[in-house]
Each structure stands twice: as C-alpha cells, then as structure tokens.
Amino acid sequence: MGNWRGMECFLVLFPSNEPRKHIHKGSLERFLDLLLIALVVLMTLKGGTSGACAACKYQRRRCAADCPLAPYFPAEQPKLFQNVHRLFGVRSIVKILERLDEIQRPEAMKSIIFQSYVRDRSPVHGCLGVTQQLQYMIWLAEEELKAVNSQLQLYRSQNDGQNQQNHNQIMINDLGVGVDNKQQQDDVTSQLDLGMGLNVNNNQSNVVAPFFSPLPVSETQQPQMSYTYSCSEVNNNGYSPPAYNTDSGKEIMTNNNNVWGVHNRFMYNDNNGGGFNNQNESCHEMKSDSGVMGIQSQLVNLQMASNHQQQEEEDDAHEYDEIHQFLEIIDDRQSFADSKEAYASSSGETLKEQIDEIGENELRSAATCFSLTSVN
Amino acid sequence: IPKRETKKIKRFQEDIRDRNFLVNQGIIYTYMSNYTNSPCAACKFLRRKCTSDCVFAPYFPPEEPTKFANVHRIFGASNVSKILQEVAPHQREDAVNSLAYEAEARLKDPVYGCVGAISVLQRQVLRLQRELEETNADLMRYAGCLGGETTSAYGGRRG
C-alpha cells in the first residue's frame, strides 16, 4: 500500500493550547471564560471604580455589602447588566441564583450574561439562532465528510487493485529475469528468447520459438488478421490474446512516436495481465522495425483503453482523471526515454541494452517476416 | 297599508339591519380576538381578561399553557411584552419561539441553559472540521500516490 505518513504536519495547523477539555464542566468553564473575556474587552469603559455595582447603579440604589449581583456586574461594564436586565429582569436572576450552589453561581451568571449579550445582538432569534447556525454547519460538515470518505474509499479500492496487479507483475518479472540470465550467452536467436522468456514463463513452461526466427515464421501462417493476433499465434502455443478488435489494431499502426523503453517500462505497470502478455508478444515484433516501434506506444494506449474499459464499468469520472494522469505520465516518459535517462533501475537498462542488440539483428531477419505479415 | 304599519316595518327592517351589522361586527370581533373567545395561555396564567389587543394572544395559544409558563418563570411577562414590542410584528413569532426555547433550556439546566448546547455544538463543529481536513489530506495523498505510483513502480520493481 502507499506510504502512510502521520498527521503531524496537520496538527501544526491546530493550536496547541486548545481550550476544550474532556471534562464537560471544565470545557464549559473555559468556554464561558473566553466568552466573558471577549465581552469585557468589548465593553470595558475607562473610569474610576465606585462602590456600587452596575446593577445597583442601574437601579439607583445603594449597593449593600452582601449585594448578590455585585460580584458579577462590575461598575465598569454597565451594558452587561442592561442586557441581562432587559431579558431576564433582576427578580429572575436573583431567583435563579438563590436556587443554585455557591460553586455553580459564577458559571450560571456567565451563561446568563452571554445569553443576554446574544439576545442584544440578535433580538429576534437570540441563542436559538446561534444554535441553528451551528446545527447547519454540522450538517454541512457531515455531508462533506461523507462525500470525501466515499471518494477516499474509491481511491483505496483502486489502489488495492493496482497493487495486486503490480505484485503479480513483480512475480512475472522475477521469473523472466531468471530466464534472461540463463540465456545471456546464447546467440542472437536465444537472446531474442530473452524477451520471449518473459512471455513463456507467464503462459507456459515450454520455450516458445521466437517470432523472428525463420523456422517458426515458416511454420506459421501468413496472418491476415491484426498485428497483435499474428504475434500471439507465432509466439505462443496455448496463449489466447485478449480480444482486441481490428480497430485497435489499426490504432496501433497509426502511432509512430514511441520508444521501446517506454513500452517496456509500462509493461510492468499494466493493470491487465492479458494486456501485458500481448505487449510482450508484440514487443518483439516491434524490435525488428523502427517504424513498427510506433506500435508499442499504441499497445500501451491499448492497455490504457482496456484499463479504460474496465474502469468505465465503475462509471466514475475520477477514474478518467486517473487515466489522463497516467497518459500524461506516458507522454512525459516518451520524452525522457529518448535520452535513455529515465530508467530507474539497472536491470531495466540491462534488458534495454540486450533488446537494442537484438533489435539490429532482428531488423534483418524480420524484414522478410514483415513482408509476409499483414499489417491491417 | 296604514302609515303605522309602514313605520313598524321600517323600524323592523332597520332593526334587522342593525342586528346584522352587529352580528357582522361580532364575527369580525371574535375573529380578531381568537374567535374561539377563550383567553390565551398568558391571560389564563395571569388570570386576567384576554382583550382583543392582548399582546400575547397570537403567540401563546391556550392549547400550550406550558410555553407561557416557562417563559414567564424565566423572563417574566413584562420583559416578554417589552421584547415583543421592540420587534417587528412579522418577527414576533420567531422571537417568542426562541424565548420559549431558551426558557425551556434554562429550566432543564439552570446553570448553563442553552449556552451548554451551544458549547457542545461548537465543539462538534471543530471536531468535524478537523476530521474533514484530515480526510481531505488523505484524499490528496491518494490522488498524488496513484499518479506517482507509475513512476515508482517501474523504478522500484525492475530487477
């Protein structure tokens, strides 16, 4: 699976001193404290302190020492008490305070002051408006989260599918490399088998005669079918190629801009095992003719088309984006492959060198083959 | 027809007309003042005559006595009427509903009231926003990963 990095970088986005705690009362306390601080900052008036609290000042009476409202309504913030008085009234507040414990009173007063402040700011809806707004925001966030999660699920399933096929290809390649190593010292024909070995081990254990050796060519018919089909019949006894239609065969011929390396590279990225086999088969034909090399890219496109067909079943637009991405990568790599600098591994280069060697010899030997083979 | 009779008839007809007029007036009157003719919940609670110009009548129907009882217990009738008069007529119903909600919340939780619910909702919003950011980051990573896997697959798996 892909590399899963931690979320550390995203934690940076969030403040470390988050006021919310797991204890309900503690978090509410902090929440109300923050609200109150905000209110005080808004409504602090300069002026000297006097004995009377804001409540008693408003009511124009003497503030007693045991005034119950004095601790909560300092004289510097008369607006706070005005809001509370307008909404609740003095009697209601005193009744509420009398019903509560000493510990609960400050919290209650903070919530009352906040509620009155909100009512002052929004006389019609008050705290209900705030609640409804928050509920709407929650609904929006949940809907968005659902959508993103479904998208993520889709990507995960695609990634799993790709990884599975890539894993299969790794096994095939490993087998192919083993065969290649054995046959390195053989002549050109056997070197041709190097590439074929990949296909052989993929399909059957018996060695398949290479396409470009004279004997197999003479044995086989002169196919009138599409190019890909001819490859498969020559190279493999029991292999049945995927049902590429003639249109795709024609499509293969239309492209004349590709390098073997690109094609080879994308063999290992094929999602379709059948397409991989076909690619292998047609690769060797393409080695023989530089003009035919263009077929390689089209086979890649063919794979993409087959992949495309597969993905069309799922009917998701993002898969098309993925295909485009893939195609863009193909285009990018075509430009790189010319310089032979894009190969990431040495074994890739080794195989490419071998194939280059093969190519020259095959050019000669395959010249006759191509004269016999129908291209369309 | 003798003159006496015509006068009688005329008076009778006028009477009927007046009665009709009064009946019509009465229908309009009862329609305006809650046409059931029963006092609103506020006037019932306060045990007073529910007049046609009762401020509470349109918003505190007699079928919901607890609504006004809660509002009165927390805010007081005079405060409610002051608030209603400060608000435009078409917004008064919303104002009354919000007051009823706040009063009920305050009765259920005398310490925090509806502010407790606001705090819980705010925390939920923050949590969801955080989760959304994380999920979006995962999505971006996957989208980038699928595009980059073709490069790495070739490089990493050959040989």
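By convention in this document, chain letters (A, B, ...) are assigned in the order of the sequence lines, proteins followed by strands, and residues within each chain are numbered from 1.
Checking side-chain atoms of B/S98 against main-chain N and O of A/V124 turns up a donor-acceptor pair under 3.5 Å. With A/T131 contributing its side chain and B/I118 its backbone, the two residues share no donor-acceptor pair below 3.5 Å.
Taken to the nearest 0.5 Å, the CZ atom of B/R106 stands 4.5 Å off from the CD1 atom of A/I112. If you take CD1 on A/I138 and CD on B/Q122, they are separated by 9.5 Å, rounding to the nearest 0.5 Å. Interatomic distance, B/N79 CG to A/H85 NE2, rounded to the nearest 0.5 Å: 7.0 Å. Interatomic distance, NZ of B/K82 versus CZ of A/R86, reported as 9.5 Å (0.5 Å rounding).
Interface check for chain B: of the options A/M137, A/H125, A/M109, the most heavy-atom pairs under 4.5 Å are formed by A/H125. Most heavy-atom pairs under 4.5 Å with chain B: of the set A/S122, A/P123, A/C127, this distinction falls to A/C127. The choice from B/T135, B/I83, B/L84, B/V96 that makes the most heavy-atom pairs within less than 4.5 Å of chain A is B/T135. For the options B/Q91, B/R92, B/E86, heavy-atom pairs under 4.5 Å to chain A are most numerous at B/Q91. Listed options B/V80, B/L128, B/N97 were ranked by heavy-atom pairs under 4.5 angstrom with chain A; first place goes to B/L128. Ranked by non-hydrogen atom pairs under 4.5 Å with chain A, the options B/V87, B/L132, B/L99 are led by B/L132.
When heavy atoms are compared at a cutoff of 4.5 Å, A/F88 approaches chain B by way of both its backbone and its side chain. At a 4.5 Å heavy-atom cutoff, A/I93 makes no contact with chain B through either its backbone or its side chain. The parts of A/L145 that come within reach of chain B are both its backbone and its side chain, each placing non-hydrogen atoms under 4.5 angstrom from that chain. With a threshold of 4.5 angstrom between heavy atoms, B/Y101 approaches chain A through side-chain atoms but not through N, CA, C or O. Using a 4.5 Å cut-off between heavy atoms, A/L87 touches chain B through backbone and side chain atoms alike. Only the side chain of A/R119 comes within contact range of chain B, with at least one heavy atom under 4.5 Å from a heavy atom of that chain.
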Between A/E144 and B/Q129, does the side chain to side chain contact (heavy atoms under 4.5 Å, CB included) criterion hold? Intermediate values first, please. CA-CA 10 Å; A/E144 199 176 337; B/Q129 282 175 348; over 6 Å; no
Set out, in order, the CA-CA distance, both residues' side-chain angles and the distance that settles side chain to side chain contact (heavy atoms under 4.5 Å, CB included) for B/Y112 and A/E29, then state yes or no. CA-CA 10 Å; B/Y112 295 106; A/E29 277 180 22; 4.3 Å; yes
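Using the six-membered ring where Trp is involved, A/Y155 and B/Y142 have ring planes that are parallel, under 30° apart on the 30 and 60° scheme.
In this structure, A/K95 places its NZ atom where more than 12 heavy-atom neighbours from other residues, nucleotides or ligands lie under 6.0 Å away.
Neither side chain, A/S92 nor B/R73, offers a donor N or O lying under 3.5 Å from an acceptor on the other.
The side-chain heavy atoms of A/E142 and B/E131, taken from C-beta on, include no pair separated by under 4.5 Å.
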